[in-house]
A.B. asks: 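I have a structure I would like to understand better, so I am pasting it below and will then ask my questions one at a time.
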Amino acid sequence: QVQLVESGGGLVQAGGSLRLSCAASGRTFVTYGMGWFRQAPGKEREFVASISWNGGSTYYVDSVKGRFTISRDNAKNTVYLQMNSLKPEDTAVYYCAASSSRWFPGPKADFASWGQGTQVTVSS
């Protein structure tokens, strides 16, 4: 089991940027594909982005393509989500998750380990 702790959330104006971080501990970080999900009030949790163990494959939901970038630093056991051109509809709690699908951790992969979430609020 891997333990995940997110940070970097906050309040930002529309058009602004934030970078979320997720620090992992426990089992070897490189054995996992990593993902970011979000849940807005009254809505179901949705997939945002994911990345393979070596960064060679990335996946994004259409609504964030061109604005968000997922990356990872295996030496630091950390995965990042750089969010640019933020919109009010990006407001949500953002969760980091780990999948045993280390090569192709797409939206339907089994993400079994989750962080506690970090709040992102985008004001108009």
Side-chain angles (χ1 to χ4, degrees):
Q1 193 87 8
V2 61
Q3 290 77 46
L4 304 171
V5 179
E6 302 97 333
S7 61
L11 173 64
V12 64
Q13 288 188 332
S17 298
L18 283 174
R19 188 175 81 155
L20 305 183
S21 299
C22 172
S25 61
R27 293 187 60 188
T28 307
F29 183 63
V30 295
T31 66
Y32 293 97
M34 298 298 297
W36 287 96
F37 292 74
R38 65 187 179 186
Q39 187 166 19
K43 295 187 177 181
E44 293 187 353
R45 185 168 59 194
E46 69 166 345
F47 170 86
V48 176
S50 61
I51 188 168
S52 62
W53 74 275
N54 61 354
S57 297
T58 57
Y59 305 82
Y60 297 93
V61 66
D62 286 346
S63 60
V64 308
K65 286 181 180 177
R67 299 189 298 123
F68 291 11
T69 302
I70 189 170
S71 62
R72 64 190 294 163
D73 186 338
N74 289 339
K76 296 182 178 180
N77 283 7
T78 302
V79 62
Y80 304 97
L81 186 67
Q82 178 67 44
M83 304 186 295
N84 298 328
S85 302
L86 282 161
K87 304 176 181 180
E89 51 264 43
D90 294 318
T91 294
V93 177
Y94 283 70
Y95 298 91
C96 173
S99 170
S100 58
S101 298
R102 65 191 296 232
W103 287 100
F104 304 106
K108 301 299 183 182
D110 179 23
F111 288 88
S113 298
W114 294 83
Q116 83 289 350
T118 185
Q119 176 71 46
V120 171
T121 303
V122 184
S123 63
S124 57

A.B. asks: We want to know whether Asp73 and Thr78 form a side-chain donor-acceptor pair, criterion being a heavy-atom distance below 3.5 angstrom.
C.D. replies: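 Looking only at side-chain atoms, Thr78 and Asp73 do not form any donor-acceptor pair under 3.5 Å.
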
A.B. asks: Would you be so kind as to tabulate the donor-acceptor pairs closer than 3.5 Å made by side chains of residues 117-124, with sequence neighbours excluded?
C.D. replies:
residue : atom : partner : partner atom : Å
Thr118  : OG1  : Gly9    : N            : 3.2
Gln119  : NE2  : Ala92   : O            : 3.4
Gln119  : NE2  : Thr121  : OG1          : 3.3

A.B. asks: Apply side-chain contact (heavy atoms from CB on, under 4.5 Å) to residues Arg67 and Asp90 and explain how you reach the verdict.
C.D. replies: CA-CA 11 Å; Arg67 299 189 298 123; Asp90 294 318; 2.8 Å; yes

A.B. asks: For the side chain of Ser99 and the backbone of Ala109, is there at least one donor-acceptor N/O pair under 3.5 Å apart?
C.D. replies: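 No, Ser99 side chain to Ala109 backbone: no donor-acceptor pair under 3.5 Å.
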
A.B. asks: Go through the structure and list residues passing salt bridge (charged side-chain N to carboxylate O under 4.0 Å, His left out) with Lys65, not counting sequence neighbours.
C.D. replies: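 Lys65 satisfies salt bridge (charged side-chain N to carboxylate O under 4.0 Å, His left out) with Asp62 once adjacent residues are dropped.
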
A.B. asks: Quick one: does Tyr80's side chain get under 4.5 Å of Ile70's, heavy atoms only?
C.D. replies: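 Counting from C-beta outward, Tyr80 and Ile70 never come under 4.5 Å.
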
A.B. asks: When you measure from the centre of the six-membered ring of Trp53, is the NZ or CZ of Arg72 under 6.0 Å away and within 45° of the axis?
C.D. replies: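 So Arg72 doesn't make the cation-pi contact.
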
A.B. asks: Please determine whether side-chain contact (heavy atoms from CB on, under 4.5 Å) holds for the pair Cys96 and Met34, giving the CA-CA distance in whole Å, both sets of side-chain angles, and the decisive distance to 0.1 Å.
C.D. replies: CA-CA 7 Å; Cys96 173; Met34 298 298 297; 3.6 Å; yes

A.B. asks: Looking at Phe47, does the NZ or CZ of Arg38 lie under 6.0 angstrom from its six-membered ring centre and within 45 degrees of the ring axis?
C.D. replies: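 Here Arg38 fails the 6.0 Å and 45° test against Phe47.
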
A.B. asks: Can you tell me which residue among Trp114, Tyr59, Tyr95 is in a ring pair (Phe, Tyr, Trp, His ring centres under 6.0 Å) with Phe37?
C.D. replies: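 Of all the options given, the one that passes is Trp114.
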
A.B. asks: If I take atom CG from residue Leu81 and atom CZ from residue Phe68, how far apart are they, to the nearest 0.5 angstrom?
C.D. replies: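 Answer for the CG-CZ pair, Leu81 versus Phe68, is 6.0 Å.
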
A.B. asks: Determine the minimum heavy-atom distance between Phe111 and Gly33, stating which atoms define it.
C.D. replies: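 So the two residues come closest at CE2-O, 4.4 Å.
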
A.B. asks: Any side-chain heavy atom of Met83 sitting closer than 4.5 Å to one from Leu20?
C.D. replies: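 Yes, close enough: below the 4.5 Å cut-off.
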
A.B. asks: Mind checking the NZ-OG spacing from Lys108 to Ser50? Nearest 0.5 Å is all I need.
C.D. replies: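 If we round to the nearest 0.5 Å, Lys108:NZ and Ser50:OG are 12.0 Å apart.
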
A.B. asks: List the atom of Ile51, the atom of Pro105, and the distance in Å for their closest heavy-atom pair.
C.D. replies: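 That would be O-CG, 3.3 Å.
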
A.B. asks: Check whether any side-chain N or O of Tyr94 sits under 3.5 Å from a backbone N or O of Gly8 as a donor-acceptor pair, and report yes or no.
C.D. replies: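 No, because the side chain of Tyr94 does not come within donor-acceptor range (under 3.5 Å) of the backbone of Gly8.
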
A.B. asks: Is it the case that the side chain of Ser52 and the backbone of Ser57 share a donor-acceptor pair, with hydrogens and angles ignored and the cut-off at 3.5 Å?
C.D. replies: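 Yes; judged by distance alone, with no hydrogens or angles, the pair exists.
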
A.B. asks: Check for a donor-acceptor pair, side chain of Arg102 on one end and backbone N or O of Val30 on the other, with a separation under 3.5 Å.
C.D. replies: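 It does hold such a pair.
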
A.B. asks: Do Tyr60 and Val48 have side chains that get closer than 4.5 Å, going by heavy atoms?
C.D. replies: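 Sidechains of Val48 and Tyr60: no contact.
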
A.B. asks: Let me confirm one number: the CG-CG distance from Asn74 to Asn54, rounded to the nearest 0.5 Å.
C.D. replies: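 Asn74 CG to Asn54 CG: 8.0 Å, rounded to 0.5 Å.
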
A.B. asks: Which residues pass the side chain to side chain contact (heavy atoms under 4.5 Å, CB included) test with Ser113, sequence neighbours left out?
C.D. replies: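 In terms of side chain to side chain contact (heavy atoms under 4.5 Å, CB included), with neighbours along the sequence ignored, Ser113 is linked to Gln1, Val2, Leu4, Ala98.
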
A.B. asks: So with a 6.0 Å cut-off around CD of Gln116, is the heavy-atom count from everything else above 12?
C.D. replies: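 It does: Gln116 CD has more than 12 such atoms within range.
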
A.B. asks: Applying side-chain contact (heavy atoms from CB on, under 4.5 Å), run through Tyr32 and Ser101 and close with a yes or a no.
C.D. replies: CA-CA 7 Å; Tyr32 293 97; Ser101 298; over 6 Å; no

A.B. asks: Walk me through it: do Gln3 and Val5 pass the test side-chain contact (heavy atoms from CB on, under 4.5 Å)?
C.D. replies: CA-CA 7 Å; Gln3 290 77 46; Val5 179; 5.8 Å; no

